[in-house]
Visitor: 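The structure follows.
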Amino acid sequence: MAYWLFKSEPNAWSWEDQKRKGEAGEEWTGVRNYQARNNMREMKIGDLGFFYHSVKETSVVGVVEVCNTVHPDSTTDDPRWECVDIRAVADIPRPVTLADIKANPRLSDMVLVNNSRLSVQPVSEQEWREICRMGGLKEAPKSA
DNA sequence: GCCAACGTTGGC
DNA sequence: GCCAACGTTGGC
């Protein structure tokens, strides 16, 4: 069971859009970066992730679950690009901003802080619990 | 809107 | 295989 973080610019694909897809979830398309793709290759059904709004809000706003392992990205014919499917699991009661994360020494090793351009990134269990706590989630959501 | 950081492309 | 040029991302 691993933890991840998915970044999206809300103008392109927002947490609201993701929630609208409900239980069925949606393909996480559009990744054109090898490192991010390789992270998706590692994902298993039931892995949990944070949904992060980049650019405008710069905050963690939701929790998602991986509901389909990696497969070709339907938005391109280029066989190099693959993606997983994710579905919304829970709102973060109090969104955790990038400023909050940067201000927390326990999170100083987060990829989000040190490699801001990687759009799909791993999150350690400690980081996962800390952000859940900061966001007002009493306990980290369990996967179905 | 600017710019730093990073990734990719392509000439040599 | 190196590196300059270019494009994109994303924080501020």
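In what follows, chains are A, B, ... by sequence order, proteins preceding strands, each numbered from 1.
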Visitor: Can you pull every protein N or O that's under 3.5 Å from an N or O on nucleotides 6-9 of chain B?
Guide:
residue: B/dC6; atom: O2; partner: A/Arg117; partner atom: NH1; Å: 2.3

Visitor: Expressed as a whole number of angstroms, how long is the span from A/Glu57:CD to C/dG11:P?
Guide: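 Value for this atom pair: 12 Å.
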
Visitor: Quick one: does A/Ile131's side chain get under 4.5 Å of A/Val123's, heavy atoms only?
Guide: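 The answer is no, as the side chains (C-beta and beyond) never meet within the 4.5 Å cut-off.
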
Visitor: Can you list the residues that meet the ring pair (Phe, Tyr, Trp, His ring centres under 6.0 Å) rule with A/Trp81, with sequence neighbours excluded?
Guide: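 Residues passing ring pair (Phe, Tyr, Trp, His ring centres under 6.0 Å) with A/Trp81: A/Tyr34.
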
Visitor: Measure CG/A/Leu5 against C1'/C/dG10 and give the value in whole Å, please.
Guide: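 That distance rounds to 14 Å.
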
Visitor: Under the ring pair (Phe, Tyr, Trp, His ring centres under 6.0 Å) test, which residues partner A/Tyr52, sequence neighbours left out?
Guide: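 Expected list: none.
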
Visitor: Nearest 0.5 Å please: distance from the OG atom of A/Ser59 over to the CG atom of A/Leu98.
Guide: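 Between atom OG of A/Ser59 and atom CG of A/Leu98 there are 8.5 Å.
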
Visitor: Is the shortest distance from a Lys or Arg side-chain nitrogen in A/Arg20 or A/Glu16 to a carboxylate oxygen in the other one below 4.0 Å?
Guide: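 Salt bridge flag = no for A/Glu16 with A/Arg20.
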
Visitor: Count the heavy atoms of every other residue, nucleotide or ligand shown that sit under 6.0 Å from CG of A/Asp77, and state whether that count exceeds 12.
Guide: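 Open.
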
Visitor: Which residues within residues 96-111 of chain A lie with some heavy atom under 4.0 Å of an atom in DNA chain C?
Guide: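 Residues of residues 96-111 of chain A under 4.0 Å from DNA chain C: A/Leu98, A/Lys102.
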
Visitor: For A/Asn11, enumerate each residue passing the side-chain contact (heavy atoms from CB on, under 4.5 Å) test, keeping only those at least two apart in sequence or located in another chain.
Guide: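 Partners of A/Asn11 by the side-chain contact (heavy atoms from CB on, under 4.5 Å) criterion, ordered by chain and then number, come out as A/Glu9, A/Lys56.
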
Visitor: Among residues at least two apart in sequence or on other chains, which ones pass side-chain hydrogen bond (donor to acceptor under 3.5 Å, both in side chains) with A/Lys21?
Guide: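 With neighbours one apart ignored, the set is empty.
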
